[in-house]
Amino acid sequence: MPSVYIKTYGCQMNERDSEAVAAQLVAKGYSLAASEHVADVVLLNTCSVRDNAEQTALNKMTSVIGLGKKERPGQIYGFMGCMAQSRGKELIDRLPDVDLVLGTQKFHRAAEYLDELLAGKRERIVDTADEQGSEGTIKEHLLNGAAKDKAVTAFVSIMQGCNQYCTFCIVPYTRGEERSRTIPDIVAECRQLVAQGVKEITLLGQIVTSYGRRGDVWTAAGSEAPRRFQDATELHDAKAPSPLRSAGALQKSAFVQLIEAVHEIEGLERIRFTSPHPKGYGDDLVEAYARLPKLVESAHLPVQSGSDRVLKLMHRGYTRARYLEVIRKLRAARPGIGITSDIIVGFPGETEADFEETLSLCREVEFDNAYLFKYSQRKDTPAAAMPDQLPEPIIEERHARLLELINEIGKRKYETFVGRQTQILVEGPSRKNSARMSGRTRCNKIVIFDGSERHRGQLLDVKITRVGSFTLYGDPAIVGL
Ligand code: SAM
C-alpha cells in the first residue's frame, strides 16, 4: 500500500485535521512516511493566517516537487486546508505538478481522492466546495503506534468555522460559517479516547465560546423537540443588562453545558479548551472554573491589542476594561490560573500611543506567555484596505520591544515556581532530549524531569528546581514515586 507524508503548518486545528486525515489513510491501509523522501504521497496542510505561512508552504512544495521529479517519479502532491481553500485551482496554475487541492470542509475525502489519483482514474482533483455536516467528520485519532507512541492527551474538534469577522482575519473566509457538533457526538468521541488511555482532552474550535450558537446541541439536526440554548456571546454582551441570573439561577451557555457533559466522563483527569474569545467569557464560564475540578486552571485569551481604538478597528467586540475584568474574575475564581494570549503588532493605523497601551496591558495582566504576530495584510479582509498600513521597520521594532517584555514577565512568573511542588501529567519523552520525560502542569507549563516510560500517563507531584525558557525542570530525586 502507498505511503504518505503529511506536513502541517499553523494552528492546533490544523494539527488535528492532519491527524484525522492520517488516521483515515492508515485505516485504508496507507502507511505513514517519516519524510517526503520516502513517501508516495506528500500532503501539505496549510495556514493562511499570515502571508509568511503561505509562502513557506509554497516554497516547501516547490522544493519537494523539484526533488521528487528526480528521485521519486510518480509521487503525488497535495495541498490541504486553509490556503487550499482560499486559492483553490490557482495553486495548480502556479505549480502544475500538484495533483490534489483539498479544502477545509473536505478532509474526510482525502483517502477516496488519493485512491483515484493513485489508480490513475483522475489526473487532478480540486475540491473546495462547502459540505453540510463536515463539522462532524474530524473524528478519527491516531493514538497508538503509527505516528505516535501511546497518547495521554488528545484534541477534540467541537466545531468548525468562525462568524466573528475580525477585520484582520482570513479565517471566516477559509473555514466558513460556524457549525457545531452535538454534545452527545462529542462526548462519545471523548469517552472512546478515555477508554483508550487518554487522560486529558482539549476541546478545539476557532472560537469555542461561540459553541452551539446556532441550532440544537443535544440532538441531531432535524430531530424533534430541540432544546435551544443561548450562546455565551449573547448572554454576556457587556452592554446588555445581565440575563445571567434568572430567578437566582445562573443560565448556562451551550459551551459550559458541553464542558459539564465531558467532565462527567470517568477516567478523564483534565479538560482544556482553545481558543475562547474574551467576549464569550461570561460568569457561567468563570463559575465553571471554580466548580469543575477537571477544568484546569489555564486560559488562552487572545487580546490582540491593549488600545480601545485599535480593538474597535479590529472589530473585537470588547474593550480593554472588559478584558481586564474577565482576567480579574478568572483569577478570583482560580488563583494561580495560567493566562496566555495572542497579540498583533502593527495593525493599520496603530500609533506609538496605541502600542504603549498594549505594553501597559501586558504589564498589568502579566501574561504567563503570549504569541506575538506581526500584522500581515490578508486578501479581501477589511483591514487590508485600511489607510495607514505600517512600514515593516516600525512593525519589527515594536515586535522586538513587546517580545522583550513578554520574555521578561514570563521569566519572572516561571521563576516563582522554583521550590514549589506541583502536579504534572506525564505525556512522554521530552522532544528535545528523549532520555528525559516531559509533563505539563495544570496551568499549562511544561516540566522536564529524569523519569522513565513507566511514568507516561501518570499524575505526579514534582518539585521544581530550576527554569529554562518557558520550561520548568523537576528534580528526579523528589519525584513522588
Ligand atoms: N480564536 C482566536 C481569536 O479569538 O482571535 C483566533 C485564532 S487565529 C487563527 C490565531 C491568531 O492569529 C489570532 O489570535 C491573531 O493574533 C493572529 N492573526 C490572525 N490574523 C492575522 C493577521 N492578518 N496578521 C497577523 N496575525 C494574525
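What you are looking at is a predicted structure, and each value in this text was computed from that prediction instead of being measured. Read the numbers this way: they start at 1 and go in the same order the structure lists the ligands and their atoms.
When only non-hydrogen protein atoms are considered, atom 7 (C) of ligand 1 lies nearest to Q206 OE1, 3.9 Å. Of all protein heavy atoms, the one lying nearest to atom 20 (N) of ligand 1 is F168 CD1, 3.3 Å. Looking only at heavy atoms of the protein, atom 24 (N) of ligand 1 is closest to S376 N, 3.0 Å.
Considering backbone and side-chain atoms together, R50 places no N or O closer than 3.5 Å to any N or O of ligand 1. The N/O atoms of P278, backbone and side chain alike, include none that comes under 3.5 Å of an N/O atom in ligand 1. At a 3.5 angstrom cut-off on N or O pairs, D342 counts as close to ligand 1. Of the polar atoms of Q304, at least one N or O is found under 3.5 Å from an N or O of ligand 1, judged by distance alone. For a threshold of 3.5 Å applied to N or O pairs, the pair formed by H277 and ligand 1 contains no separation below that value.
Checked for salt-bridge contact, K411 and E415 meet the test: a charged N lies under 4.0 Å from a carboxylate O. Ion pairing between a basic and an acidic side chain is recognised when a charged N comes within 4.0 Å of a carboxylate O; E297 and R270 show no such pairing.
Using modelled atom types and a 3.5 Å distance limit, the side chains of T340 and H300 yield a donor-acceptor pair.
Applying the side-chain contact (heavy atoms from CB on, under 4.5 Å) criterion to S86, with sequence neighbours excluded, gives S48, E54, T174. Partners of K374 by side chain to side chain donor-acceptor pair (under 3.5 Å), not counting sequence neighbours, listed by chain and number: E396.
Under the 6.0 Å distance and 45° angle rule, K279 does not count as a cation-pi partner of Y281. The side-chain tip of K445 points at the ring of Y414 from less than 6.0 angstrom away and within 45° of straight on.
In this structure, R431 places its CZ atom where only 12 or fewer heavy-atom neighbours from other residues, nucleotides or ligands lie under 6.0 Å away. Within a 6.0 Å radius of CD in Q377, other residues, nucleotides and ligands contribute more than 12 heavy atoms.
Using a 4.0 Å cut-off to heavy atoms of V49, the atoms of ligand 1 that qualify are 9 (C), 12 (O), 17 (C), 18 (N), 19 (C), 20 (N), 21 (C), 22 (C), 23 (N), 27 (C). Using a 4.0 Å cut-off to heavy atoms of S275, the atoms of ligand 1 that qualify are 1 (N).
Using a 4.0 Å heavy-atom cutoff, M13 is absent from the residues neighbouring ligand 1. Using a 4.0 Å heavy-atom cutoff, R316 is listed among the residues neighbouring ligand 1.
Per-atom contact check: atom 26 (N) of ligand 1 touches the protein, criterion being a heavy-atom distance below 4.0 Å.
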